[in-house]
2 protein chains.
Amino acid sequence: MDARTKFYQFVERQGLRHTGQREKILTIVLATEKHVSAQELYDLVQKKHKEIGYATVSRTLKLLADSGVCRIVDFGDGVHRYEHQYGHGHHDHLICTKCGMVAEIYSEELEEIQSKLVKKHGFVQTRHKLDIFGLCSKCKT
Amino acid sequence: MDARTKFYQFVERQGLRHTGQREKILTIVLATEKHVSAQELYDLVQKKHKEIGYATVSRTLKLLADSGVCRIVDFGDGVHRYEHQYGHGHHDHLICTKCGMVAEIYSEELEEIQSKLVKKHGFVQTRHKLDIFGLCSKCKT
DNA sequence: GTCAGATTTGATAATGGATATCATTATCAA
DNA sequence: TTGATAATGATATCCATTATCAAATCTGAC
Ligand SMILES: [Mn+2]
Ligand SMILES: [Mn+2]
Ligand SMILES: [Zn+2]
Ligand SMILES: [Zn+2]
């Protein structure tokens, strides 16, 4: 199912409404291959749609996260960032602390070991988050 | 080197001063085997030392983190938590989203796979953070 | 021990991102 | 078309963290 369908199915299921603002914001979110904060997305939205307010952007991002179209990413700098999941499977992040570059990483082996650890402790896992901080190849010299 | 020595060596190296408040706060931090927020630690400190203010607790926690005696732990709920490193090696966290219970996990295998991944991407790692959220054995039924 | 200069403290104000409020506008089933 | 209700946008509020600043404390030099 594509991201748009997923979002509107969620909206309908929750008794919410299809609005021009949600449509426009969703379009911009899906076109953005970055980890954006509400403010950054608001700035992007403003370029095309001057009439859309910050609060609506913020609320729509929350809705996108609740619907599963977006994921909240928190690198611990006090800002919530969002990334859409369309065409992206689960992944973790490598973050360069100098230039801010973010690389997406995935390892089946890693996921399996995590699952084993969780089971060993009698937990049922719902989600996990691995952030690795360091210097990217350009910044490390 | 014990935690106290480590802290005071840091304090001296930075040209900072040895004060009663820092001493008292450090003692309470070292006696606390939890992941405490500034507010929670302030409450603990208040029980013994009514005269110590919140700002001092907050500042001292930052200092403890800078000195390496404590580590900042952020479970994404908008509050910084701190844990002292005395007698604890590196570890990651399993967090029960129902009761808030936190289990500490460690796997050499996991760490090695992470290192490999980081190298593959040309990064130099400085730190990492793995948080696994789910339900603990008591809450999962 | 005393002193001067610098740091620290505690109360409180400021900050900033997220969320709540509320009057107005838009959506949508009937 | 219309009434009920949700959504919007401007702004206020929240809340954890950080900054401010006068008073208190620390520390090395004497
Ligand atoms: Mn990502
Ligand atoms: Mn821990
Ligand atoms: Zn970099
Ligand atoms: Zn639990």
Side-chain angles (χ1 to χ4, degrees), chain A residues 7-29 35-67 70-82 100, chain B residues 7-29 35-67 70-82 100:
Chain A
F7 180 60
Y8 286 118
Q9 282 191 357
F10 174 83
V11 163
E12 194 169 344
R13 217 179 318 121
Q14 302 283 314
L16 307 176
R17 290 171 182 178
H18 187 149
T19 69
Q21 288 92 334
R22 286 177 180 164
E23 177 65 26
K24 286 164 186 161
I25 292 169
L26 174 56
T27 298
I28 291 174
V29 164
H35 306 86
V36 290
S37 65
Q39 182 62 56
E40 285 166 358
L41 187 66
Y42 172 68
D43 293 343
L44 286 175
V45 168
Q46 279 285 297
K47 284 185 189 168
K48 291 211 168 186
H49 312 288
K50 282 270 181 295
E51 73 285 2
I52 296 181
Y54 180 87
T56 300
V57 170
S58 171
R59 282 184 289 230
T60 303
L61 278 173
K62 182 170 180 358
L63 215 55
L64 287 168
D66 291 344
S67 73
C70 284
R71 183 163 74 120
I72 298 178
V73 178
D74 180 353
F75 295 144
D77 58 351
V79 191
H80 288 166
R81 295 174 185 285
Y82 296 81
Chain B
F7 181 60
Y8 287 118
Q9 282 190 357
F10 174 84
V11 163
E12 194 170 344
R13 217 179 318 120
Q14 303 283 313
L16 307 176
R17 292 174 179 175
H18 187 150
T19 70
Q21 289 91 333
R22 286 177 180 163
E23 176 64 27
K24 286 165 187 160
I25 292 169
L26 174 56
T27 297
I28 291 174
V29 164
H35 306 86
V36 289
S37 65
Q39 181 63 56
E40 285 165 357
L41 188 66
Y42 172 69
D43 293 343
L44 287 174
V45 168
Q46 279 284 297
K47 285 186 190 168
K48 292 211 170 188
H49 312 289
K50 282 269 180 297
E51 73 286 1
I52 296 181
Y54 181 88
T56 301
V57 170
S58 171
R59 283 183 290 230
T60 302
L61 278 173
K62 182 171 181 355
L63 217 54
L64 287 168
D66 291 345
S67 74
C70 284
R71 183 162 75 120
I72 298 177
V73 178
D74 181 352
F75 296 144
D77 58 351
V79 191
H80 290 167
R81 296 174 184 284
Y82 297 81

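Since we're looking at a predicted model, the values are computed, not measured. A, B, ... follow the sequence lines: proteins, then strands. Residue 1 opens every chain.
If you measure from atom OH of B/Y42 to atom C1' of D/dT17, you get 15 Å, rounded to the nearest angstrom. Straight-line distance from the CD atom of A/E23 to the C1' atom of D/dA7: 15 Å, rounded to whole Å. We find that NE2 of A/H80 is positioned 15 Å from P of D/dC15, with the value rounded to whole Å. One interatomic measurement links the two molecules: NZ of A/K62 to P of D/dA7, which rounds to 13 Å at whole-angstrom precision. Rounded to whole Å, the distance from NE2 on A/H49 to P on D/dT8 is 13 Å.
Within the 4.5 Å cutoff, no side-chain heavy atoms of B/T60 are placed close to those of B/L26. Using a 4.5 Å heavy-atom cutoff, the side chains of B/L16 and B/R22 are in contact.
The aromatic rings of A/Y8 and A/H18 sit parallel to each other, their planes meeting at less than 30°, with 60° as the upper class boundary.
The side-chain contact (heavy atoms from CB on, under 4.5 Å) test with B/H49 singles out one residue from B/L44, B/I28, B/V57, and that residue is B/I28.
A/Q46 places a side-chain N or O within 3.5 Å of a backbone atom of A/I52 that can act as its donor or acceptor partner. In this structure, the side chain of B/Q39 does not engage the main chain of B/Y54 through any donor-acceptor pair within 3.5 Å.
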>> Walk me through whether A/V29 and A/V36 qualify under side-chain contact (heavy atoms from CB on, under 4.5 Å).
In response: CA-CA 9 Å; A/V29 164; A/V36 290; 5.9 Å; no
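Within 4.0 Å of A/E51, counting heavy atoms only, lie sugar-phosphate atoms of the nucleic acid but no base atom.
Contacts between residues 13-20 of chain B and DNA chain C, counted as heavy-atom distances below 4.0 Å, involve B/L16, B/R17, B/T19. Contacts between residues 53-61 of chain B and DNA chain C, defined by a heavy-atom separation under 4.0 Å, are made by B/G53, B/A55, B/T56, B/R59.
Of all the heavy atoms in B/A65 and B/I72, the pair that sits closest is CB-CG1, 4.0 Å. Between A/G53 and A/Y42 the shortest heavy-atom distance is C-CE1, 3.6 Å. Here the closest non-hydrogen pair linking B/V79 and B/S37 is CG1-CB, 3.4 Å.
Taking a 6.0 Å sphere around CD of A/E23, one finds it holds more than 12 heavy atoms contributed by other residues, nucleotides or ligands.
Taking the nucleotide of DNA chain D with the nearest heavy atom to each of B/Q21 and B/G78, the more 5' of the two is matched to B/G78.
Pairing analysis of DNA chain C (Watson-Crick: purine N1 to pyrimidine N3 plus N6-O4 or O6-N4; G-U wobble: N1-O2 and O6-N3; both under 3.5 Å) yields stems of 3 or more pairs at C:1-30 with D:1-30.
Applying the salt bridge (Lys or Arg N to Asp or Glu O under 4.0 Å) rule to pairs touching residues 40-57 of chain A yields A/K24-A/E51, A/E40-A/R81, sequence neighbours excluded.
Annotation: ring pair (Phe, Tyr, Trp, His ring centres under 6.0 Å) contacts of B/Y82 (sequence neighbours excluded): none.
From the 5' end on, the contacts that DNA chain C makes with chain A at under 4.0 Å to a non-hydrogen atom open and close at C/dG17 to C/dC28.
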